[in-house]
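Step one of this worksheet: look at the structure below.
Everything numeric in this text was worked out from a predicted model, so none of it was measured.
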Amino acid sequence: MDFALNDDQRAIQDAARAFADAELAPHSARWDEDKHFPIDVMKQAAEMGFCGIYTGEEHGGMALGRVEAAVIFEELSRGDVATAAFISIHNMATWMIDRFGSDDLRGRFVPSLVTMEKIASYCLTEPGSGSDAAALRTTAVRDGDHYVLNGSKAFISGAGTSDVYVVMVRTGGEGPKGVSALVVEAGTPGLSFGAQERKMGWNAQPTAIVQFDDCRVPVANLLGEEGAGFRYAMAGLDGGRLNIAACSLGGARLALETAQAYVATRKQFGRPIGEFQALQFRLADMATDLETARLIVLRGAWAIDTDHPEKTKWCAMAKRMATDACFQIADEALQLHGGYGYLKDYPLERIVRDLRVHRILEGTNEIMRVIIAREMARG
């Protein structure tokens, strides 16, 4: 068992860290405050290959593994959680088109997605079907060489800004086997968007409802086969859950580093508060929890890279454990700052707000427990 990154992985880590330090961290507070979506900076990330991390090389992707992706997203999120998380979603949607799309579909979309000339969103959740994703109601009825879509998707990152929407729709009967996946382009008649949601965190990316009203999409935009869309969506979510867990690692790491620096200089009762054993123990627990979370994320990434039969279970475990632990680390770091942690002068309140949603999206952590228990019952 070798827990060390290899030379190539360390080089990738260094590059992602340098990019985050130079292009994300200096602007993260302003992006949050102004609700600014930094498309220009994400295109710079694409120039480094970070928008097609595990997409195949044929159309410009880096063809890296999920371990490398986890390393990259931890570093990017240390610079800015919300931006890194959107790059994660873009990677997931791009990978789905590259993995399951026809040669024509891949050729039409993937090259411009890996360069982020076009931006992609992933559309599964609906107002009436969140955790029960297989109960989705957005329909796609075949009409000649088009599907006619009706319905809506909720909480969609990039809605109204993205160029490409990977949408799960119902083409058949009830349940997961009636679900298909379509690629819908911005500007398609019948495609519209709701008002931007007013959110607790993730302010550096837009979120809105995506609405379909007799929206005609070419049959050629079908991903893979009819009725296989739910399977494709779940395959995308295995990796997406790891990415979000890795984004939690980066945010929690910044929170811990900020707390360490603060307690070393903040004085009470005549000495730095970092000299008090009670605070030392709290920092030690935070560091231990962060390292434990990182290990399980890398374990899940290894499971996908090796196509382990229990990869779905390991990804669910990683997402559940890492997002819970990292949120608690950030909250504890805020607490160690006292009243200062509640101020926007420090990054703690922003990290806490941004990490909170990671316990909800890509499947709530309650649903992660359902998945883990189900997989355990299967043996």
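There is no side-chain donor-acceptor pair under 3.5 Å between E257 and Y262.
W202 has its ring centre less than 6.0 Å from the ring centre of H358. Taking the ring centroids of Y165 and F193, they lie under the 6.0 Å cut-off. W95 and F100 have their aromatic ring centers within a separation under 6.0 angstrom.
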Audit row: E75, R253, salt bridge (Lys or Arg N to Asp or Glu O under 4.0 Å) steps and yes/no
CA-CA 9 Å; E75 296 301 330; R253 197 173 100 216; 3.1 Å; yes

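Linking Ile, Leu, Val, Met, Phe, Trp and Tyr residues whenever their side-chain heavy atoms come within less than 4.5 Å places V110 and M96 in a single cluster.
Side-chain contact between L24 and F19: present, with at least one pair of heavy atoms (C-beta onward) separated by less than 4.5 Å.
The side-chain tip of R216 does not point at the ring of Y147 from less than 6.0 angstrom away and within 45° of straight on.
More than 12 heavy atoms of other residues, nucleotides or ligands shown are found within 6.0 angstrom of CZ on R282. The local environment of CE in M376 is sparse, with at most 12 non-hydrogen atoms from other residues, nucleotides or ligands closer than 6.0 Å. More than 12 heavy atoms of other residues, nucleotides or ligands sit less than 6.0 Å from atom CZ of F230.
R359 and D331 are not joined by a salt bridge, as no carboxylate oxygen comes within less than 4.0 angstrom of a charged side-chain nitrogen. A salt bridge links R320 with D324: the distance from a Lys NZ or Arg NE/NH1/NH2 to an Asp or Glu carboxylate oxygen falls below 4.0 Å. Between K313 and E375 there is no salt bridge, since no side-chain nitrogen of the basic residue lies less than 4.0 Å from a carboxylate oxygen of the acidic one.
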